[in-house]
> 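For reference, the structure I am asking about is given below.
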Amino acid sequence: QSEETIKFGLCFDLSKSYTFVTPQVAQAAQDLAMYTNDNGGIEGHPIEIIVRDHGNEPQRGVECYEQLKRDGVFIFNFMSTPVTNAVLPRAMNDENILMQSFVGRGDAVDGEVFEWVFPVGPTYWQQAANDVAFIKDQLDGDLSDAKIGFIYLDYPFGQEPIEILRTLSEREGFELELYPVPLPGSDQSSAWSSIRRDQPDYVISWLLAGGHVVASKEMRRNRFPIDRYIAVNWFNEVDISNIGAEEATGILRGTNVAGGQEVPIVRLMLDTYYADGNGSGPESLVRDVYYNTGMAMFSTAFEAARIAVAEDGWPLTPESMKTAYESLSGFDGDGVMAPVTVTPEDHGGGGKTRIEQWDGENWVPLTDWSADYLDIVWEVIKESSESFSVE
Amino acid sequence: MDWIFLSELAINGALTGLLYSLFAIGLVLIYKASSVPNLAQAGLTMVGAYVVLALARDLGLPLWLAIPIGAVIMFGLGFGIERVALRRLAGRPVVMILMMTLGLDIFLRGTTLAIWGGTSRSMELGVSYDPLFLGDIFISRIHVVGAAVAIGLFVAFMLFFRTRTGIKLRAIADDYMASWSVGISVERGVGLSWALASVVAMAAGVIWGEIQGVDQALSLLLLKGLTVAVLGGLDSILGAVVAGILLGIIENVGADFLDPLVGGGSRELIVAAVLILTVMIRPHGLFGRHDIERV
Amino acid sequence: MFYRLSGVHHANYVSDSRIFKVPADRNLAVFVLLFGLAAPFIVPSLYLNSYMLPWLIWTAAALGLNLVTGWAGQLHLGYAAVMAVGAYASIHAARFGIPWEFALIIGGLASSVIGSLFAFAALRVKGLYLALTTLAMQFVMDWVLTHSPAITGGSHASLQSPTLALLGQDITSDTGYYYVAFGWCVLVTIFMLNLKRTGLGRALVAVREKDFAAAILGVNSFYYKILAFATSSFIAGVSGALLVATFFFLAAPEQFSVAVSIQVLAMVIVGGLGSIIGSYLGVALILLVPGIVNGIVSGGSQSLGMQINVETLAHIPNAVYGALIVIILLIEPLGLGKLYGNIRDYLMVWPFDQLRK
Amino acid sequence: MTDKRETKSHADDGAILACSGIERRFGGIVAVTGVDFVIHPKEIFGLVGPNGSGKTTLTNAITGFYPPNVGTVRLAGNDITGTAPHKVAKLGVARTFQNLALFNGMSVLDNILLGRHIHMNPGVLRTALYWWAAQREEIENRKVVEEVIEFLQLESIRHEMVDGLPIGLKKRVELARALVAEPQMLILDEPMAGMNQEEKGYMSRFILDARAERGVSVLLIEHHMDVIIGICDRMLALNYGEMIASGIPREVVKDPRVIEAYVGGAHD
Amino acid sequence: MQDKVEAQPILSMNSVEVLYDNVMLAIKGVSVQVPKGEMIALLGSNGAGKSTTLKAISGLLKAERGRVSRGEIKFEGTDITDMLAQNRVAQGICHVIEGRRVFEHLTPEENLTAAAPSGMSRSALNVEKEKIYNYFPRLAERRNSLSGYLSGGEQQMLAIGRALVTQPKLLMLDEPSLGLAPFLVAEIFGILQKINKEDGMSVLLVEQNALAALEIVSEGYLIENGRVVMNGTAEALKANSDIQEFYLGAGEGTDFHNVKHYSRRKRWLS
Ligand SMILES: Nc1ncnc2c1ncn2[C@@H]1O[C@H](COP(=O)(O)OP(=O)(O)OP(=O)(O)O)[C@@H](O)[C@H]1O
Ligand SMILES: Nc1ncnc2c1ncn2[C@@H]1O[C@H](COP(=O)(O)OP(=O)(O)OP(=O)(O)O)[C@@H](O)[C@H]1O
Ligand SMILES: [Mg+2]
Ligand SMILES: [Mg+2]
C-alpha cells in the first residue's frame, strides 16, 4: 500500500528566515493533497506530503534531503535560497526533481542546464523586468526621462534584480537609483531621506515582510506617494494589516498568483474543509496570499504528476515527472496563477506576472498576465547558467 | 554639499542611535552589576515585545495597562533567569557565562516563537506617522518618543547607581566573594539587575516593535546594541547614551557616503568597524572603567 | 571494572608520557578507530553520509577551535568566517586546476593568513572583548563574501566545487568521502592528543592562564597566540574545504554565517574546553539534536494525532537546543568531556565509593 | 638609552645584576626613583620596604614588565633595559610572584616543566610528529625537572593539580619552576608570606641550598626581617620608591630611617 | 577548657567537618569556642584548614563548593550551621577574607557604603564611617580615590573597616598581616586590640605571624591537618616548646643556615 503513494518532500524553513511564508505554503500543500486524495488521488494513488524543518541551515537541509530520499521521496521543495543551493548539486546528481518556485538561483529556469530543477513561475529577474514594463506603460511608453528607484535588502535576495535593472536602464535610458537597506530591513530612514531628495517616479521594492511595513511608514514620513511603490511578490495580508488596510490604499504589488479567497481553488478549500473546521491548519493562514502561492506551486506539481501517471503509467519516476512537467501548457490552476507553459528549455513557464493595487479592501489587478523584455532576461539567464556545470 | 540633508541624516541617525542605546542600557545594567556580558538581551527584547503584544492584543488590555503588567512579568522573568541559569555559574570563566547567555537567547527565542509563531505582528502605540518638522528637516515621531524613553531611563539609572542599592550592585560586579563576606546578597543583586534589564528590554522591544514590527528580526539588534555598549564602555550608562547617539550619526552619515562607493550595505560594515576599532584602540570605551591589573 | 589504575606502573618516562595511560582507555581508542575504519561496511549509507561524515568534519573543525579557545584561551566568535576562507580558497584553487592535495593546503594556508589577522585582536584584548571583536570580524567577512561575486561565484553567491581527487584518484562515492573525512579527523585528533604532552601545549595553556607568568618563563605570548590562531585557522580552512568538497559540493556564504560560528563555539563549550573527547561529544550533540528532536516532535504529534501548528512544531527544536546548552552548562559547566570523565573516574574505582589519597 | 655594545662599566665588573638610576612612574605616581645597586655572583641580596615602596615595581623593571623610565639594568654586563620579559627569561633571569602565578589548569609536573621552556623548542610540526621529533627532548627535560622535584621534596604531589595545594606548597612549586630554568639570577618576591616559622625555615634552607648547589644569585623581597637578617649577604631598604639604606643586614636594620619607615616599634 | 570560660561563648563550633567538592575532607571534627568579648587566635601551618574553619563559620563555603558535612555551629546560642552567609552577617558575624579583597573599582567611601546593612540610616552610616576613619586616618586621606590603587596596608585597613560597618559582634580575620610591613602589622594589631577593648567586640584571628598574634589574644587554638591539636591560653602556648620551635622561632637570632634538611617531626602529629 505504501509504495502506492506519491511522496512530496517539503524541507522548509519553518523556524528562521522564511517563516513568513512557509507555514501557508505547507498548509496549502496539505489541503490540496487532502482534497486530491479525497477525490481518488492521482489516478488512484494517494499523495503524501512530508513536512520537515531545516531552520534555513544548509547542513540540516542536506540531512533532510538524504533522509527523505531514503524514504523514497524524489520530488523535493526547499523554500530557501541557501538550502536549495546546498542541495542542488546532489539533486542534479541523483536526478531528483527539485521544485524551486520563487527561491534559489534565477538561472535555474534554464532547463537545458538545470534539467531537474523546476522553478515554475517568474524569476526575480523577469519580475523586475515586468515591473519596468509596467512603469513604462504608466509613463506613456517612454522611460528616457524617467527615474526609477530600487530599494532592496542588501543581501543576495535583494541584489538579484540589480543586474537586469542596470541592463534595462541602459536600454531604455531611464535613471536607476539604488537604495540598499541592511538586513532585516527595519532601518530605512536614510534610504527614504535619499528617496525624498532624488524624487524618483517609481520605487521598486525588493524587501521582505516587515520591510514593507517600515517602508510604508517611511513613505508617510517622507511624503512619498504610496501608489508609486511596487512591491515584490513577497507582500501579503499580514503586511497589509500591519500597515493598516486603510493606510495601504494605493500600494502596488507585482505578483504571479491571484490573491484573495475568491479564487476557485481557495474557495473550494474553504467550503470543503474550513467551513467545518477540518482544514490542515488555522483558517487565518488561508486568508493569506501565500496560501494561494502554495496552491499555485502544488497544483502545478500535482498536475504534472497526474499527466506523468496518465501518460507513462505507474510507477511515477523522476523521468516521467520531468517529462510531464515539461509538457505543461497554458496551465493556470483554475485561475490561481499566471498561465504557465513549461518546456525542456524554459522551466519557468513563461515568467508572466501582473501588477495589482490595494484598494483598501482587495487587490485589484491593473494589468493582465504578461512577460516583457524576454530577450534581455534570457540573455542574462544564459550568461549565468553557463558558469554552472555539474561535474 | 547639501547641509540640510546632512543634518537630517545626522539628527535621524542620532535618534535611531538613542534607540540602540535603549537596547544597550540593558546590557550595561547587567554588566555593571554582575560583570556578565548578556548576549540574551536580544532574546529578552523579543520576549518583552511579545508579552506586551499578547496582553494588549490577545487579552485585549489597553496599552497603558498592558505595558506595566508586561513590566512586572519581565521583572519576574529576569529574577527567574538569575535563579535558574546564572546562579550556578557564578564565578565561572567568562566563556561559559557567554555561552550560557547565548543558550538562553536561543531558548528564549525558540520558546517565544513556538508560543506566538513567527509571523510579523504590529505593535500599535498610536504614535502618528506624520512627520515632525524642524525647519526643513523631517523627523519621525516614534523615534522622538523612543529617544525620550531612552533618556528617561538613563536619568533614572544614573540616580539609581548612586543609591546604596546601586553601590551594592557595583560592589557585586567587582567581587562576589567579598560581597558575600560583608552580607550583600549577591543572588538578589544579580537577580535585580537581570530583572531591571528585562524591563528595559521590554521597553526596547515595544518601541522597536512599533517601528519594525514584532518578529524575530528584533534579535538582530544585538550587534548594534553590543557595539553601542562597548563604545560607551560596558559599565557606563552615560556611555551607552552618548555612544548610541554617536554610532547612529556615524552609521547614518557614513553609509550615505560609503554606500555609493562600495555598492551598498555599508551600515553593517560601519558598525563592525566601529566595534573593532573601539576594542583595539580603547577597549574600555568612552567612559568605561579601567581594569586594575597588577603583576 | 574495566578501568583500573592499580597495577599500572610506569617504569620509564616514555610510558609515563603515553597518551592513554590506562590500558582500558587505549583499548577503547583502538576499538573506536577500528569501528571508524569499518563504518562504511556496517553503517547504512544514509547515516554514513548525512550524519557521520559531517560529524567527523565538524569535529575536526571544533578541535581546531578548541585549540585556540580551550588551549590558548582566546575566545573566537568568527571561526566560521575562517572556515569560509579555506573553503573558497581551496575551491578556487581546484577550479584553477591545482591538484586537490595542494588546493587543500592552499586553503589551509589562506585561512592561516586571514585567521592570524584575528590574532592581532587577541594581542590587544582578551575575554569578552576578544569575543566581540572576532564577532565583528565575522560580520565583516560575511559582508565581504556577499559583496564580492568574484570570490563567491556570481550573483547567486554559490560556487560549485570540482570533483575531489586525492593521490590521483577521483573520489565520488560516499565511502570515499567518508574516508577522507575520517582520515582528516584522525590526523587532527592525533595532533591534539600530542599537544597535551608537549611544550607547545603547555606554552599555550600558560598563555591562557596567566600571560605575565608565561612571559617570565620565556614564553613569548605574542608568538604563541599567533601560532595558536594560525594553526587553528589552518585546521579550520582544511575542514571548511573538505566540508564543501565532500558534503555540500557547493560553497555559499550561509554555510559559514555568524550562526555557524556560534554553533561551533557551542560545540566546543558544551563538549568541554580543552577536552578532545568532549569535542566529539559536543559536535554530536549540537549537530544532531535539532534534527532528532524535530523527528521526535513531529513523529510524536502525528502518532498522537495532535494538530499542532507547524510553526510551533518547528520552533520547539530550537527551544530544546537552547535549553540543552543551558542544561548541560548547569549540570556540568566543564561540559560533556568532564561528564564523561566523571563516569570514567567512577568506573575506575567501582565498586568502591570514592578514592582519595 | 645607552648602546648595548659599550655597556661594560668598571664599577660593576663581575656583577651579575647591576641597576643604576632606575626610575619608574605610573601616571603621576613615582613608584621607584634613583635606585642603584649591584648583586654579585652567588650573593643573596635582600630588598625590604613598607608596602607600596616600590619593591615589586623594581623587580618588574628588571624583568621587563614595566621597563624603567630612566636608568639602566645590566645582566652580567649586558644592558637588558627594556628587554621584553620573555627575552629576559632567556638571558637567565627567573622569578616568582608575590601573588603566586601558577597555572591552575595544570599538574605540578607540567607547571615545573614549563620552567624548562627556554631550553626547549616546541613547534607545531614537532608536536604533530611527536614520536619522531619531540619525544626525546621531552624526556631529557623531564630528567632535569625530576632532579629539582627531588631537591624540593615535591615527589608526592608530582601529578596533582596545583589548584588545590596549600599556599606553602604552591610557593615551593613556583620556586621549583624558577629553578629548573637554570637561571643565573633568581628573583623571589615574598616567597615566605603566609608561612609559619617552620615553613620559613624550610624555604630558607632551599634558597641557601640552591645557591650552594646551583650557584644562583638571589634577589629576595621579604617582610620577615628574621629571614632577611638570617640569610642575606647584603640588603637594600626602600621607602616611597627611594633607597634609604643599604649594606649588611644587621647594620641596615639599626638605621633609624629604616626603623622609622619600616620596622617600627615591633621587631620580629 | 570549658571551665576557663566564665560566660557563655558567643560562638561555639562542635566537631565540624567540611567537605569540598563532596570528596575533599578539609577539616575533621574541629571544635572552637570564642568567649564573648575575647580575642582568640587560630594558628596552624599551611593548608591546615584555618581558612576553611572561618568560612564554615561565615557561610562562605558554598561559594567554593564546600559544605559542612558534620557537626554544628552555634552563634549566641542559635544554630547557624545552614544559614545563608548574608543572614549570618546580619546576625553579627563578619569575616575579613584572605587577600584583602576590597571592591577595587569603588572608592573607600563607597566600599564602606556597600557593606552597610540595609536597615542602617544614612546618619548612622555617616557616624559609623567617621568612626572608622578615626581608627584608620590613612583611609580618610584616600577616601575618594579608587581602592584598587591603594597600597597593600591601606587595602587591609579598608577591608577591616568595611567589616566593621556591618556592626559585627564577632569579627573574624584571615591572615591580616599577610604581606604587610612589620610596622603596619603592629599598627593594625594595635587597632584591633583597641576595637576589642572599646567596643567589646569578639575577635577570631587566623595568623601565621604567631609572635604578633599571641601578644594580643587571650587564647589560641592550633590546627594541624584539619584537626585541633592544641589549645590554651596565650601564655601557655607561648611557653610550649613545640610552638616556640615551629611558630615563634628562637627570636631575632634564628640561624637559618643551621636549619636541618630534614627537621624533626612535630610531636602532635605522631
Ligand atoms: N600597574 C600599576 N599601575 C599604577 N600604579 C602602580 C602599578 N603597580 C604599582 N603601582 C604603584 O606603585 C607603587 C609601588 O608599588 P609596588 O607594588 O612596587 O610596592 P611594593 O613595595 O611591592 O609593596 P608590597 O610590599 O605591598 O608588595 C604603589 O604606589 C603602587 O600603587
Ligand atoms: N575551594 C577548595 N576546593 C578544594 N579544596 C580546598 C579548597 N579550599 C581549600 N581546600 C583544601 O582544604 C585544605 C585546607 O585549606 P585552608 O585554606 O583552610 O587552609 P589554611 O589553613 O587556611 O592554609 P593557608 O595558610 O594556606 O591559608 C587544604 O588542603 C586545601 O587544599
Ligand atoms: Mg610587592
Ligand atoms: Mg588560609
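Values below: all heavy atoms of this structure, side chains included; hydrogens, waters and symmetry mates excluded. Below, read A as the first sequence line, B as the second, and so on, with proteins coming before strands; counting in each chain starts at 1. If you're wondering where the values come from, they're calculated on a predicted model, not measured in any experiment.
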> Most heavy-atom pairs under 4.5 angstrom with chain E, which of B:T165, B:D174, B:I184?
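Of B:T165, B:D174, B:I184, B:D174 has the most heavy-atom pairs under 4.5 Å with chain E.
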
> Counting only heavy atoms closer than 4.5 Å, note whether E:R65 contacts chain B via side chain, backbone, both or neither.
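When you check distances to chain B, only side chain atoms of E:R65 fall under 4.5 Å.
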
> For the candidates E:R162, E:K55, E:M172, which exhibits the highest count of non-hydrogen atom pairs separated by less than 4.5 Å from chain B?
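The option with the most such pairs is E:R162.
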
> Could you tell me whether the side chain of E:F103 reaches within less than 4.5 Å of the side chain of B:R170, counting heavy atoms only?
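No, side chains not in contact.
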
> Tell me, for E:S58 versus chain B, whether the close heavy atoms (under 4.5 Å) come from the side chain, the backbone, both or neither.
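Contact with chain B is absent: no heavy atom of E:S58 under 4.5 Å.
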
> Measure distances from E:A90 to the heavy atoms of chain B and classify the residue's part below 4.5 Å as side chain, backbone, both or neither.
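Neither the backbone nor the side chain of E:A90 comes within 4.5 Å of chain B.
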
> Quick one: which of E:V165, E:V89, E:N111 has the most heavy-atom pairs under 4.5 Å with chain B, could you say?
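Heavy-atom pair counts peak at E:V89.
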
> Measuring heavy-atom distances to chain B, does E:A116 have an atom under 4.5 Å in its side chain, in its backbone, in both, or in neither?
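Both backbone and side chain.
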
> Side chain, backbone, both or neither: which part of E:L125 has a heavy atom under 4.5 Å from chain B?
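For E:L125, side-chain heavy atoms alone lie under 4.5 Å from chain B.
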
> Side chain from CB out, backbone as N, CA, C, O: work out which of these in B:S179 comes under 4.5 Å of a heavy atom of chain E, or both, or neither.
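Both parts, heavy atoms under 4.5 Å.
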
> Against chain B, work out which of E:L106, E:T166, E:L84, E:T113 has the most heavy-atom pairs shorter than 4.5 Å and name it.
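The answer is E:L106.
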
> Which one of E:A85, E:S118, E:A163 has the most heavy-atom pairs closer than 4.5 Å to chain B?
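Most heavy-atom pairs within the cutoff with chain B belong to E:S118.
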
> Select one option (side chain, backbone, both, neither) describing which atoms of E:P168 are under 4.5 Å from chain B's heavy atoms.
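Neither; nothing under 4.5 Å.
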
> Heavy atoms under 4.5 Å from chain E: which residues of residues 96-103 of chain B carry them?
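Result: none.
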
> Please list, in residue-number order, every residue in residues 91-102 of chain E that has a heavy atom less than 4.5 Å from any heavy atom of chain B; write 'none' if there are none.
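Residues of residues 91-102 of chain E touching chain B at under 4.5 Å: E:C94, E:H95, E:I97, E:R101.
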
